There are 2 protein chains.
Amino acid sequence: MPSTGPRPVAVELNAVLVALIDDEPQVLTLEDGALLPSGPFEGDHPTLQAGVRAWVERQTHHPLGYVEQLYTFADRYRESTMGYRIVSISYLGLTRERAAAGQHEPGWQSFYRYFPWEDWREGPPKVLARAILPRLKSWIDAVTDDARRQRRQRVEGNFDLSDWNEELMLQRYELLYEAGLVPEAGRRRKPVADPVPGEPMHYDHRRILATGIARLRAKIKYRPVVFELMSPDFTLGQLQRAVEALAGRPLHKQNFRRQVEQQGLVEETGAMTAGTGGRPAKLFRFRREIVLERAVAGSKLPLARS
Amino acid sequence: MPSTGPRPVAVELNAVLVALIDDEPQVLTLEDGALLPSGPFEGDHPTLQAGVRAWVERQTHHPLGYVEQLYTFADRYRESTMGYRIVSISYLGLTRERAAAGQHEPGWQSFYRYFPWEDWREGPPKVLARAILPRLKSWIDAVTDDARRQRRQRVEGNFDLSDWNEELMLQRYELLYEAGLVPEAGRRRKPVADPVPGEPMHYDHRRILATGIARLRAKIKYRPVVFELMSPDFTLGQLQRAVEALAGRPLHKQNFRRQVEQQGLVEETGAMTAGTGGRPAKLFRFRREIVLERAVAGSKLPLARS
DNA sequence: ATTTATATACTCAAATTGAGCATATAGGTG
DNA sequence: CACCTATATGCTCAATTTGAGTATATAAAT
């Protein structure tokens, strides 16, 4: 008979911890890149957020500038071998990293190792035309009539090379999963014979990673979160490269500066860079007060009279 | 000694279930408006979303058009009397309701019963100038120096009458809570002596409600979710009143139609309304295919050359 | 001296947005 | 019926915002 007490459930935390190292967007991983850092939710933390913060800072020895909840999963397949259910709560965290000592820090992996088709900084990734689109075409043609029309619309809406939308990253990943082009361990699905380029991860960690990056890509457009990834002083060029790294696409330099400056997000420190080759750049710092002043968001409704 | 098995945890689901009844945005409640519908997560559902959907549809006998996860709470104070921890996962759900039989359906309550300062459809709510702003002023003046400057900036950013931002609803609620102007049961805080107008709820349900409405207010601007609340055929006037009800502010009629039409979200049914007093209006229906075609989002980055 | 990089200032046309005028067509009223 | 009120719909126009350049400045490298 059903007990009225709590069902045995384990609460697990997953973190998508992001840093920029040498203009490359990186995520902290374990097991040679196959796992996101995860840990149990300890009972002695007052809140979930505090738990994540304490736990990540203990692991990385870096202060966590920004933490945001991503999503909670409790799917059926998420069961331990002991039979109890697992609830996974995932978080996005942003941290500041100095330039890498060597090539890259152990554990830090570039976003685009997992999603090579998402890096448009140097133009359209070849993997799209070469491997992904043809296979999506086959996937479309594997059915007929209305189902085919639906598949075609989804592919066209999410993979339009002539009008790429970097925010649709999660939806693209999910579509590739449905089309059987990316493997995902732990799900009951026939194994993917010939996956598309891009490293897989264990369990659904690649999906969680996609969720985190997609959220970040959306957020940098209306909230000043990039600054959590920058060192205190930076040039507008560095700031631009940071945004480009996250969004995965090149920006128009002059318009980027105009936007940043007229939003009043930064102020000059007075100092300049030196020895970078090319004209020295002014150094800026983020005006942290702005966060309090303008809790802005992107309105678009056609409002009426004042 | 600490066991390695799962800590006893109960998973609870909360729902912010929204419907429009007679142009009034309503939320389904229990206990005479003091509780959001909540229930345990049954182990026999494949996913959380399926659990919410089944459970809500069983309670309301209405199909749930749209479901979205809001937030997961596991705060310290969220403990049952039995000593185990409670994880609350809250959802936003949209459903279609016909016009009310009588005054309003039992259980359905207007948003603005809980947040009267958020309804700007008839201009600035008097409660703001009369009750809220003076008390926030006192709250600012209760401290000095930098703390006072910070409080002032937060109040000015979130309660600017001359530039009201309906999306900041959650932040405003949280500020009122911090300022001791709204009560919230279950939190260890001194009871609020003289709360500002607006019905309270048990536990943190009013906060969850604010989270849901704020999310909805943000979402209607870039996703066609309003249509989940409309009957299949509607006039542009009805659609506008629906958006106004959710956003809590009046819209410019001609610009609203322009926006809706040029986005290609709707198509004429061919029929017209009758007997409404005034010129008859064309009836429209939502073009559901559009969701597949354009998985749009609101870009704002200054992109570079194609 | 010239080339190559980067930084920064300024311009201009196209597109979007905010605000309003004008007209159409119903119901209600004296 | 003539007129008023209410809603719907079509269209215009100026202000702002955005996308895409051109032009110039200042460093390092050849």
Side-chain angles (χ1 to χ4, degrees), chain A residues 23 121-122 162-166 221-222 233-244 247 249-284 296-306, chain B residues 23 121-122 162-166 221-222 233-244 247 249-284 296-306:
Chain A
D23 291 337
R121 283 175 295 176
E122 309 293 325
S162 65
D163 184 21
W164 188 254
N165 185 342
E166 73 283 351
K221 293 182 183 164
Y222 61 96
D233 293 3
F234 50 83
T235 69
L236 294 184
Q238 290 168 337
L239 185 63
Q240 179 176 348
R241 283 191 298 277
V243 174
E244 288 174 333
R249 50 197 317 191
L251 303 181
H252 185 285
K253 187 177 351 193
Q254 298 91 325
N255 291 345
F256 176 79
R257 326 176 116 248
R258 174 174 65 188
Q259 195 195 65
V260 169
E261 290 183 316
Q262 83 181 12
Q263 284 190 129
L265 295 175
V266 299
E267 62 191 358
E268 301 183 12
T269 66
M272 307 278 287
T273 54
T276 54
R279 175 171 170 178
K282 292 179 189 164
L283 281 171
F284 290 82
V296 282
S299 172
K300 263 200 270 187
L301 294 179
L303 297 176
R305 51 126 214 291
S306 57
Chain B
D23 291 336
R121 283 175 295 176
E122 309 293 324
S162 65
D163 183 21
W164 189 254
N165 185 342
E166 73 283 350
K221 293 183 184 165
Y222 60 95
D233 292 4
F234 50 84
T235 69
L236 294 185
Q238 290 167 337
L239 185 64
Q240 180 177 347
R241 283 190 299 277
V243 174
E244 288 174 332
R249 50 197 317 189
L251 304 181
H252 184 286
K253 187 176 352 190
Q254 297 91 326
N255 290 346
F256 176 78
R257 329 178 112 247
R258 173 173 66 186
Q259 195 195 64
V260 170
E261 290 183 315
Q262 84 182 11
Q263 281 189 134
L265 296 175
V266 298
E267 62 191 358
E268 301 183 12
T269 67
M272 307 278 287
T273 53
T276 54
R279 175 170 170 177
K282 292 180 191 166
L283 282 170
F284 291 82
V296 283
S299 172
K300 263 201 270 187
L301 294 178
L303 297 175
R305 48 119 217 297
S306 55

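Computed from a predicted model, the values in this text were never measured in an experiment.
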Residues B:Val266, B:Phe234; criterion side-chain contact (heavy atoms from CB on, under 4.5 Å); working and verdict | CA-CA 10 Å; B:Val266 298; B:Phe234 50 84; 4.0 Å; yes
Contact class for A:Lys282 (heavy atom, under 4.0 Å): base, sugar-phosphate, or nothing?
-> sugar-phosphate
How many Å lie between CE on B:Met272 and P on C:dA26, as a whole number?
-> 8 Å
Between A:Glu261 (CD) and C:dC10 (C1'), how many Å, whole number?
-> 13 Å
Please state whether the phosphate of D:dA25, meaning OP1 or OP2, lies under 4.0 angstrom from any side-chain nitrogen or oxygen of A:Arg279.
-> no
Position toward the 5' end of DNA chain D (nearest nucleotide), B:Arg241 or B:Asn255 | B:Arg241
Starting at the 5' end of DNA chain D and moving along, which residue's nearest nucleotide shows up first, A:Gly277 or B:Gln238?
-> B:Gln238
Shortest non-hydrogen separation from A:Leu236 to A:Glu261 and the atoms involved = CD1-OE2, 4.0 Å
Taking CD from B:Gln254 and P from D:dC11, how many angstroms apart are they, rounded to a whole number?
-> 13 Å
Whole-Å distance, A:His252 NE2 to C:dC10 C1', equals 12 Å
Which heavy atom in A:Thr273 sits nearest to a heavy atom in A:Pro280, and how many Å separate them?
-> O-CB, 3.3 Å
Atom CD of B:Gln259 to atom P of C:dT16: distance rounded to whole Å?
-> 12 Å
Among the candidates C:dA7, D:dT18, D:dT9, find the nucleotide nearest to the side-chain atoms of A:Thr235.
-> C:dA7
In terms of the nearest nucleotide of DNA chain C, which residue is placed more toward the 5' end: A:Gly278 or A:Arg258?
-> A:Gly278
Atom-to-atom span, CZ of A:Arg257 to C1' of D:dG21 - whole angstrom = 16 Å
Go through D:dT26, C:dT8, D:dA8 for me and flag the one nearest to the A:Ala281 side chain.
-> C:dT8
Mark yes or no for whether A:Glu244, through its side chain, and A:Leu251, through its backbone, hold a donor-acceptor pair below 3.5 Å.
-> yes
Is the side chain of B:Gln238 donor-acceptor paired with the backbone N or O of B:Thr235 at a distance under 3.5 Å, no angle test?
-> yes
Given atom CZ of A:Phe284 and atom P of C:dT8, what is their separation to the nearest angstrom?
-> 6 Å
Using whole Å, report how far CZ of B:Phe234 lies from P of D:dA8.
-> 13 Å
